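Please read through the structure below; I'll follow up with questions.
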Amino acid sequence: MAWLFKILGVIIVLSACSLAGFLKSFGLKKRHKKLFAIYRSMSDLRERIRLGSGEIEKLIYLCFDEDTASILEGKAIINTMYLKKADAEIFEEFFCDLGMSDTESEYERIGIYMALILKNSNEAEKKCGELCRLYSSLGILCGLLICIFFL
C-alpha cells in the first residue's frame, strides 16, 4: 500500500513542476503574441488617423481589442497582462498623449511608438524561441530530480 502513495506523490510532484515550466513558457508566448497584436493595432490606428476617419475614442475602439485597450469616461484603460514593466510603460506613455497634436504629428508619433513595440516584439520572439523549450524541459527535469531525491 505504501508504494501506491509513493507513486501518487511522484505523479503530483512531476505534474506540478511540469506545469510550472509550461506556464512560464506560455507566458513568454503570450507576451510575444500580445506585443505583435498591439503593433498591428497601432498600425491600423496610424492609418485611420492619417485618413482622418473619426474621433480618437472611436478609433481606439475600432483598432484595439477590448482586452488590450479601451476608453472609459475619456481615460484609456490598458490591460498589461503578460507584458513586462517596460512594455507596459511604453504602452501607457503612448496613450497618455494620444490625440494632443495635429494629424501629421500624431502620425509620426505613432510611427515612433510602433518602432519601439516592434523592437520589443522581436526581442520577445527571440526569447520565446530560445527559452520556451528550455522552461518546459527544465520543469520536467526538476520534477524528476525532486522525485529521485525523495525516493
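Worth saying up front: this structure is predicted, and the values here are computed from it rather than measured. We're numbering straight along the sequence, starting at 1. Both backbone and side-chain heavy atoms feed into the values below; hydrogens, waters and symmetry mates do not.
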Close side-chain approach of T80 to E92, heavy-atom, < 4.5 Å: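 Yes, their side chains come closer than 4.5 Å.
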Residues in salt bridge (charged side-chain N to carboxylate O under 4.0 Å, His left out) contact with K58, at least two apart in sequence or another chain: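 Here no residue qualifies.
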Checklist line | Listed once per pair and sorted, the salt bridge (charged side-chain N to carboxylate O under 4.0 Å, His left out) pairs that draw on residues 96-120, sequence neighbours left out | finding: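 Residue pairs with at least one partner in residues 96-120: E106-R109.
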Between I78 and F95, the two heavy atoms sitting closest are CD1-CD1, 3.7 Å
What's the spacing between I49 CD1 and L59 CG if we round to 0.5 Å?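 Spacing of CD1 (I49) from CG (L59) equals 6.0 Å.
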* Just how far is it from atom CG of L62 to atom OG of S41, taken to the nearest 0.5 Å? ->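 If we round to the nearest 0.5 Å, L62:CG and S41:OG are 11.0 Å apart.
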Rounded to the nearest 0.5 Å, how far does CD1 of I110 lie from CG of L45?
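Result: 4.0 Å between the selected atoms.
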With sequence neighbours left out, the residues meeting side chain to side chain donor-acceptor pair (under 3.5 Å) with D67 are none
CZ (R46) and CG (L51) are apart, to the nearest 0.5 Å, by 12.0 Å
Report yes if some heavy atom in the side chain of F22 is under 4.5 Å from a heavy atom in the side chain of I140; otherwise report no.
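They are in contact (side-chain heavy atoms under 4.5 Å apart), so the answer is yes.
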If only atom types and distance count, is the side chain of S121 paired as donor or acceptor with the main-chain N or O of L35 below 3.5 Å? no
**Prompt:** Hey, any chance L28 and I38 share a hydrophobic cluster, counting ILVMFWY side chains that come within less than 4.5 Å of each other, even indirectly?
**Reply:** no
*Please determine if R40 and D44 form a salt bridge, counting it only when a charged side-chain N lies under 4.0 Å from a carboxylate O.*
no
Across all chains, not counting sequence neighbours, the side chain to side chain donor-acceptor pair (under 3.5 Å) partners of D65 are none
Output every pair passing side chain to side chain donor-acceptor pair (under 3.5 Å) with a member in residues 10-39, not counting sequence neighbours, ordered by first then second residue.
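Side chain to side chain donor-acceptor pair (under 3.5 Å) check on residues 10-39 returns R31-D87.
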**Message:** Who clusters with M81? Use side-chain heavy atoms, under 4.5 angstrom, across I, L, V, M, F, W and Y, and order the result by chain and number.
**Reply:**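 ILVMFWY cluster around M81 also holds F26, Y82.
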Please identify each residue that fulfils side chain to side chain donor-acceptor pair (under 3.5 Å) with E47, with sequence neighbours left out.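 Listed in chain order: R50.
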Could you tabulate the donor-acceptor pairs under 3.5 Å formed by side-chain atoms of residues 143-151, not counting sequence neighbours?
none

Please set out all donor-acceptor pairs under 3.5 angstrom arising from side-chain atoms of residues 122-137, sequence neighbours excluded.
residue: N122; atom: ND2; partner: L118; partner atom: O; Å: 3.4
residue: S136; atom: OG; partner: C132; partner atom: O; Å: 3.1
residue: S137; atom: OG; partner: R133; partner atom: O; Å: 2.9

Applied to residues 101-128, the ring pair (Phe, Tyr, Trp, His ring centres under 6.0 Å) test, sequence neighbours excluded, yields F94-Y113
Here the gap from E93 atom CD to L116 atom CG, rounded to the nearest 0.5 Å, amounts to 8.5 Å
Notebook entry, point to check: Hydrophobic clusters join Ile, Leu, Val, Met, Phe, Trp and Tyr when side-chain heavy atoms are under 4.5 Å apart, directly or via other members; which others share one with I12?
Noted result: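 L8, which link up through side-chain heavy atoms under 4.5 Å apart, make up the rest of the cluster.
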Worksheet entry | side chain to side chain contact (heavy atoms under 4.5 Å, CB included) partners for L138, two or more places apart |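 With sequence neighbours excluded, L138 shows a side chain to side chain contact (heavy atoms under 4.5 Å, CB included) to C142, given in chain and number order.
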